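Computed from a predicted model, the values in this text were never measured in an experiment. Below, chains carry the letters A, B, ... as their sequence lines are ordered, and counting in each starts from 1.
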There are 2 protein chains.
Amino acid sequence: MIAEEEKLKRARDEFVAQWGALGTQWGINRTMAQIHALLMTAPQPLTTDDVMEELEISRGNAHTNLKELVAWGLIRPVVKKGERREFFEAEKDVWLIFTIVARERKRREIEPALAILSKCAGESEGIQTPEGKVFHDQMRALEDFVGFASKMSDRIASMKHGFAIQLATKLLG
Amino acid sequence: MIAEEEKLKRARDEFVAQWGALGTQWGINRTMAQIHALLMTAPQPLTTDDVMEELEISRGNAHTNLKELVAWGLIRPVVKKGERREFFEAEKDVWLIFTIVARERKRREIEPALAILSKCAGESEGIQTPEGKVFHDQMRALEDFVGFASKMSDRIASMKHGFAIQLATKLLG
DNA sequence: TCACAATTTCAGCAAATACTGAAAATTCAA
DNA sequence: TTGAATTTTCAGTATTTGCTGAAATTGTGA
């Protein structure tokens with residue numbers, strides 16, 4: 001039934017478009033999120049040209065964002081024998097996707113925060129004025145909390161899929 | 001000792017500047033993050049003019065971002081008797097700050113994602129082609145996972161400070 | 001070694017986002 | 001009321017971020 005293919009194409013296009021829009025909120029650029037969506041739902045690995053055509057973007061843009069996705073570990077290059085061009089396929093396991101994104105966010109958001117907090121807590125150590133104490137205590141409180149969050153994030157991200165879900169389900173039960 | 005005040009001022013200025021830079025990573029604009037940092041470490045509530053002066057920004061900018069922070073619930077207006085102007089003070093409890101930010105991020109990042117995934121999963125339901133099944137399964141897998149994360153987030157954010165930490169510590173132990 | 005295919009880089013341009021400054025609206029005391 | 005203090009809005013501008021398209025580089029088979 002041809003209508004089904006049409007239906008699928010429409011659903012998939014919508015997913016790609018919307019996922020791209022969402023990327024913006026997540027601090028990921030739109031194109032990168034769109035390419036990721038495209039590859040996550042592609043039955044076969046795609047080339048740079050496939051991506052350019054499907055999303056109507058330039059070669060430079062496609063190239064840059066494909067490389068960025070590879071750097072994140074969300075997609076990987078695939079070699080096909082007899083083919084000179086590079087193909088790409090996405091990691092599809094949701095738990096793996098989650099751990100990759102979590103790791104990256106930790107690196108970009110949590111670790112720099114921790115560095116700042118430690119530094120400021122250190123610099124304000126031992127200041128005797130009331131304002132100094134308030135500042136120092138606030139820095140320490142933030143540092144402790146963020147450090148704690150950081151450890152949690154590591155622990156969870158290093159768990160096996162099934163275990164994490166099981167554990168969480170128990171928590172929620 | 002005057003040197004201590006100088007030391008504190010420097011540490012605080014650094015915190016404000018760096019926290020602002022970090023805000024960018026978090027999808028929060030720099031000024032908003034700076035104002036938040038300023039108020040979190042202020043011993044007293046501040047006026048719009050205090051903020052303008054301290055950060056060297058325009059009235060419009062200060063105003064807009066103060067209102068935005070109030071909307072988030074990260075700061076609150078304070079009335080001082082005999083004073084016509086509005087003062088602002090920040091929530092300083094780290095657990096409360098965390099729950100507020102978590103709630104906001106869930107609203108902006110998780111809920112829209114869930115909406116898209118449900119829609120696309122629904123639209124691809126029952127398509128008989130192999131590609132259709134692959135797409136539908138991927139949508140469902142993502143939907144399940146994101147929905148699960150959403151519930152977790154709610155549960156944790158609604159916990160009391162002490163309880164959450166205690167629980168997490170047990171998990172990590 | 002050459003010719004061609006494919007990848008990579010990047011200067012210039014475009015779009016999105018944030019900020020200023022001043023005018024308009026609001027609030028309040030007299 | 002009136003007018004001074006304060007808050008709010010927003011058109012215009014600046015800054016940041018992302019994209020294009022073409023040139024430079026790299027890789028490959030003959």
Those residues that, when tested against T64(A), pass side chain to side chain contact (heavy atoms under 4.5 Å, CB included) (two or more places apart): none
Whole angstrom value for the distance that separates C1' of dT17(C) from CD of E68(B): 14 Å
Residues touching DNA chain D, which here means a heavy atom under 4.0 Å, drawn from residues 101-112 of chain A: none
With F98(B) via ring-ring contact (aromatic ring centres under 6.0 Å, His included) - residues at least two apart: F145(A), W95(B)
Cationic N near anionic O, under 4.0 Å, E123(A) to K119(A): yes
Summary of protein contacts for nucleotides 24-29 of chain D, nucleotide by nucleotide, where a base hit scores B, a sugar-phosphate-only hit scores S (4.0 Å, heavy atoms): ---BS-
OP1 or OP2 of dT7(C) under 4.0 Å from side-chain N/O of H63(A): no
F87(B) reachable from V51(B) in the ILVMFWY side-chain graph, under 4.5 Å edges: no
salt_bridge(R105(A), E109(B)) N-O dist < 4.0 Å: yes
Proximal nucleotide (of dC19(D), dT7(D), dC19(C)) relative to the E86(B) side chain: dT7(D)
Residues in contact with DNA chain C, drawn from residues 19-54 of chain B - heavy-atom cutoff 4.0 Å: N29(B), T31(B)
N61(B) CG - dC10(D) P separation (whole Å): 17 Å
Value in whole Å for how far the P atom of dC10(D) lies from NZ of K67(B): 15 Å
Test: R76(B) and E91(B) ion pair at under 4.0 Å: yes
Candidates dA6(C), dC19(D), dT9(C) - which lies nearest the side chain of R85(A): dA6(C)
Electrostatic pair K9(B)-E5(B), nearest N-O below 4.0 angstrom: no
Closest to the R59(A) side chain, choosing from dT8(C), dT20(D), dT7(D): dT8(C)
Along DNA chain C (nearest heavy atom to each residue), the more 5'-positioned of E83(A) and N65(B): E83(A)
Length of the line joining L55(B):CG and dT20(C):P, which is rounded to integer Å: 10 Å
NZ/NE/NH1/NH2 to OD/OE distance under 4.0 Å, R103(B) and D154(B): no
Nearest-angstrom distance from the residue atom CD of E56(A) to C1' of dT20(D): 14 Å
S58(B) and N61(B) side chains, donor-acceptor separation under 3.5 Å: no
If you look only at distance, which donor and acceptor atoms sit under 3.5 Å apart when one is on a side chain in residues 131-138 of chain B and the other is two or more places apart or in another chain?
residue : atom : partner : partner atom : Å
H136(B) : NE2  : A121(B) : O            : 3.3
Q138(B) : NE2  : K92(A)  : O            : 3.4

SB check E4(A) K7(A) (cutoff 4.0 Å): no
